[in-house]
Amino acid sequence: MKFTPLGERVLIQRLEEDTKTSSGIIIPDNVKEKPLMGKIEALGEKATKECPALKKDQVVMFEKYKGSEVKLDNEEYIVLEVEDILGIIEK
């Protein structure tokens, strides 16, 4: 299934965080916070004009309580406005 965000929206797949602490304690799913980083899967037409630095497959950090969660082909994504993206993560 192909999803194209409209306007200044961006489709992001959240990146999973470690389920273990540095000391080896396993964190149960019900107490883990949702990650604030994800990979851009698709951009709306206005999103690429508003912020030309954003591109597909980039890893970005976004605000905690923003966006709409969607499920496509049994995968969970979040749809955000460009202004809710805090920055690009480079390794």
Side-chain angles (χ1 to χ4, degrees):
M1 177 182 312
K2 182 178 177 185
F3 179 88
T4 303
L6 298 177
E8 296 180 8
R9 292 182 183 88
V10 180
L11 179 69
I12 295 176
Q13 185 170 30
R14 288 183 192 264
L15 296 177
E16 291 300 317
E17 291 184 347
D18 290 337
T19 58
K20 221 189 263 190
T21 65
S22 58
S23 60
I25 298 171
I26 296 174
I27 303 168
D29 287 339
N30 60 344
V31 289
K32 279 195 308 186
E33 287 195 27
K34 292 192 177 184
L36 302 177
M37 291 192 313
K39 184 176 82 167
I40 296 177
E41 295 294 329
L43 296 122
E45 187 176 319
K46 287 184 180 178
T48 52
K49 290 178 184 173
E50 176 74 21
C51 189
L54 294 178
K55 299 194 180 0
K56 187 178 182 328
D57 295 325
Q58 281 181 320
V59 176
V60 294
M61 184 173 284
F62 48 88
E63 293 190 41
K64 189 171 189 171
Y65 298 108
K66 299 289 184 165
S68 300
E69 294 181 354
V70 295
K71 196 168 194 175
L72 304 167
D73 294 332
N74 293 322
E75 294 284 332
E76 291 185 16
Y77 298 90
I78 185 166
V79 178
L80 293 167
E81 298 281 340
V82 169
E83 63 189 26
D84 298 330
I85 296 174
L86 301 173
I88 299 167
I89 306 291
E90 295 184 33
K91 295 182 181 182

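Computed from heavy atoms alone, side chains included, the values below leave out hydrogens, waters and symmetry copies. This one's a predicted model, so the numbers in the text were calculated from it and none came from an experiment. Quick note: residue numbers are just sequence positions, from 1.
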Considering only residues two or more places apart or on different chains, which pairs with a residue in residues 43-55 satisfy salt bridge (Lys or Arg N to Asp or Glu O under 4.0 Å)?
E45-K49
Identify, with sequence neighbours excluded, every residue that meets side chain to side chain donor-acceptor pair (under 3.5 Å) alongside Q13.
E75
Heavy-atom pair with the smallest gap, counting every atom of E83 and E63:
O-OE2, 4.0 Å
Set of salt bridge (charged side-chain N to carboxylate O under 4.0 Å, His left out) partners for E81, sequence neighbours left out:
R9
Using side-chain contact (heavy atoms from CB on, under 4.5 Å), reason through R14 and M37 one step at a time and then give a plain yes or no.
CA-CA 6 Å; R14 288 183 192 264; M37 291 192 313; over 6 Å; no
For I88, what residues pass the side chain to side chain contact (heavy atoms under 4.5 Å, CB included) criterion, not counting sequence neighbours?
A53, L54, Q58, V60, E90
One should read off an interatomic distance between K56 NZ and T48 OG1, to the nearest 0.5 angstrom, of 14.0 Å
NZ of K66 to CG of L80: how many Å apart, nearest 0.5 Å?
10.0 Å
Let me confirm one number: the OH-CG distance from Y65 to L36, rounded to the nearest 0.5 Å.
9.0 Å
Could you tell me the separation between the CD atom of E8 and the CD1 atom of I85, rounded to the nearest 0.5 Å?
11.0 Å
For residues V82 and A47, report the shortest heavy-atom separation together with the two atoms involved.
CG2-CB, 3.4 Å
Just jot down the salt bridge (charged side-chain N to carboxylate O under 4.0 Å, His left out) partners of D57, sequence neighbours excluded, or say none.
K39
Least distance between heavy atoms, F3 atom then L11 atom
CD2-CD2, 3.8 Å
